[in-house]
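Remember, it's a predicted structure, so these values are computed and weren't measured experimentally. Excluded from the calculations below are hydrogen atoms, water molecules and symmetry mates; all remaining heavy atoms, backbone and side chain alike, are included. Ligands are counted one by one from 1 in listed order, and the atoms in each one are counted from 1 as well.
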Amino acid sequence: MKAVRFTATGSMSLQEVERPIPQRGEVLVKVLAAGICGSDRHMFKGEYPTAIPVTLGHEFCGTVEALGDSVSGLALGDLVTVDPNIACGRCRACSKGRPNLCAQLQAVGVTRDGGFADYVAVPQAQAVLLPPSLNPVHGAFCEPIACCLHAMDKADIRPGDTVAILGGGVIGLLMVQLARLSGAGRVVLVTRQASRRSTALSLGASHALDPGSDGAVEEIVGLSAGGVDVVIECAGVAETLQSGLRMLRRGGTFVLFGVAPQGVAVPVLPFDILVREIDIRPAYLNPFTHRRAADLVASGALDLDILVTRTISLTEVADVVSQAPQPGEIKVIVRP
Ligand code: NAP
Ligand code: ZN
């Protein structure tokens, strides 16, 4: 079979490899669609630790092709999405119900072979059943949506709230839809690219603003009569971390979702955070949200097609991952 092998920092190529044999408790998944994520680009550049060599690809969907010993509840041909994050179940974090903070966290497509391949073997507990008729491209969105759902749980949006989403990549554009579904009255997306702002408006954002325009923060504070109830930071840059704290109303909630580069410090004003009791809540990975994401995708409540800006084959993965996103790119989907 073919797999895109990540063999050293900055080095990735399509190779012919042995098709994996599912071990006890594992299923072999035939990959039908896989998403390229910003994290794959970080891993390629050595900015996020991975096993090496490894096949990347942690957002994917496919059919069950073979069953290892003692697998039950899944059958050949089932369409599944895979929760890539494998917690140990025994460490302190796991025993407190925080598997995303597991001290020994493993991940398909990061520390073991993933979905940029014809086939991938995964523990059956990581495979979540999807309706057989679902478009597998939609199935490939379950993983990022599961992360967004954890952020939504932290955001605790109440019907009528004004929510600001900072950063209009695929994550921000999913968050716009989820905030709307959660009952937000106004959803404001802040992003630099005009095409993404118009996509956000078509997905239900009430306002879409350019962070570079004069007085953007003041405009947001004005339209929400004193500040927004919830900020969901999805850009991971200093500017949005700082502006997000400023545009909140007293007692507002700041959800930290974007990944700032490790070691980067951002000055904030603790006095302002204190006397306004700004509630800063990080949301990392997808604890217990993958099945909900699968159900949500299956329900058809999200517009995912508008987010797919390019579809490629395995032969193009190394090129796409090694280059910066093209202007206008939202999500690149790989169809092996
Ligand atoms: P992305 O495509 O890089 O989206 C971030 C977008 O933010 C950029 O494309 C950019 O769009 C916008 N941006 C940059 N500077 C900005 C500024 N000053 N003001 C407003 N917007 C700005 O990445 P993504 O895939 O959507 O993911 C978003 C973030 O979530 C990333 O940091 C990613 O690592 C993180 N993430 C976190 C988790 C988690 O579990 N917490 C899971 C998945 C992803 P414009 O060019 O339009 O400005
Ligand atoms: Zn653990």
> Heavy atoms only: which of A151, G167, C234 is nearest to atom 5 (C) of ligand 1?
C234
> If you count the atoms of ligand 1 from 1 in the order shown, which ones are under 4.0 Å from a heavy atom of L285?
39 (C), 40 (O)
> Report the part of R192 in contact with ligand 1, treating N, CA, C, O as backbone and CB onward as side chain, heavy atoms under 4.0 Å; options are side chain, backbone, both, neither.
both
> Can you check the angle at the Zn ion (ligand 2) formed by SG of C102 and SG of C88? Round it to the nearest 10°.
100°
> Please determine if R246 and E239 form a salt bridge, counting it only when a charged side-chain N lies under 4.0 Å from a carboxylate O.
no
> Heavy atoms only: give me the nearest N286-A146 pair and the separation to one decimal.
CB-CB, 3.7 Å
> Quick one about H290 and N85 (side-chain donor to acceptor, distance below 3.5 Å, no hydrogens or angles considered), yes or no?
no
> Taking all non-hydrogen atoms of both residues into account, name the closest pair between I145 and A293 and its distance.
CG2-CB, 3.8 Å
> Any idea which protein heavy atom is nearest atom 45 (P) of ligand 1, and the distance to it?
T191 OG1, 3.2 Å
> Side chains of Q193 and T191: do they bring a donor and an acceptor to under 3.5 Å?
no
> Any carboxylate oxygen within less than 4.0 angstrom of a Lys/Arg side-chain nitrogen, looking at D279 and R281?
yes
> To the nearest 10°, how many degrees is the angle C94 SG to the Zn ion (ligand 2) to C91 SG?
110°
> Give yes if a backbone or side-chain nitrogen or oxygen of T240 is under 3.5 Å from a nitrogen or oxygen of ligand 1, and no if not.
no
> Run the numbers for me: atoms of ligand 1, each under 4.0 Å from some heavy atom of A235, listed by number.
7 (O), 13 (N), 22 (C), 32 (O)
> Considering distance alone, does some N or O of A283 sit under 3.5 Å from an N or O of ligand 1?
yes
> Does the side chain of T55 come under 3.5 Å of the side chain of R5 through a donor N or O and an acceptor N or O?
yes
> With a 4.0 Å cut-off on N to O distance, would you call D229 and R249 a salt bridge?
yes
> Heavy-atom contact check, 4.0 Å cutoff: does G38 meet ligand 1?
no
> I want to confirm something. Looking only at heavy atoms, which of T199, N286, I171, V255 is nearest to atom 24 (P) of ligand 1?
I171
> Of all the atoms in ligand 1, which lie at a distance below 4.0 Å from a heavy atom belonging to G258?
29 (C), 30 (O), 32 (O), 35 (C)
> Can you tell me the protein heavy atom closest to atom 37 (C) of ligand 1 and the distance?
F257 O, 3.1 Å
> Side chains of E329 and T309: is there a donor and an acceptor less than 3.5 Å apart?
no
> On a heavy-atom basis, I'd like to know which of E233, R196, K331, E329 is closest to atom 11 (O) of ligand 1.
R196
> Can you pull out the closest protein heavy atom to atom 32 (O) of ligand 1? Residue, atom name and distance to 0.1 Å, please.
V259 N, 2.9 Å
> How does P211 reach ligand 1, by side chain, by backbone, by both or by neither, if only non-hydrogen atoms under 4.0 Å count?
side chain
> May I ask you to identify, for V237, whether its side chain, its backbone, both or neither come under 4.0 Å of ligand 1 on a heavy-atom basis?
side chain
> For atom 2 (O) of ligand 1, what's the nearest protein heavy atom and its distance?
G169 CA, 3.6 Å
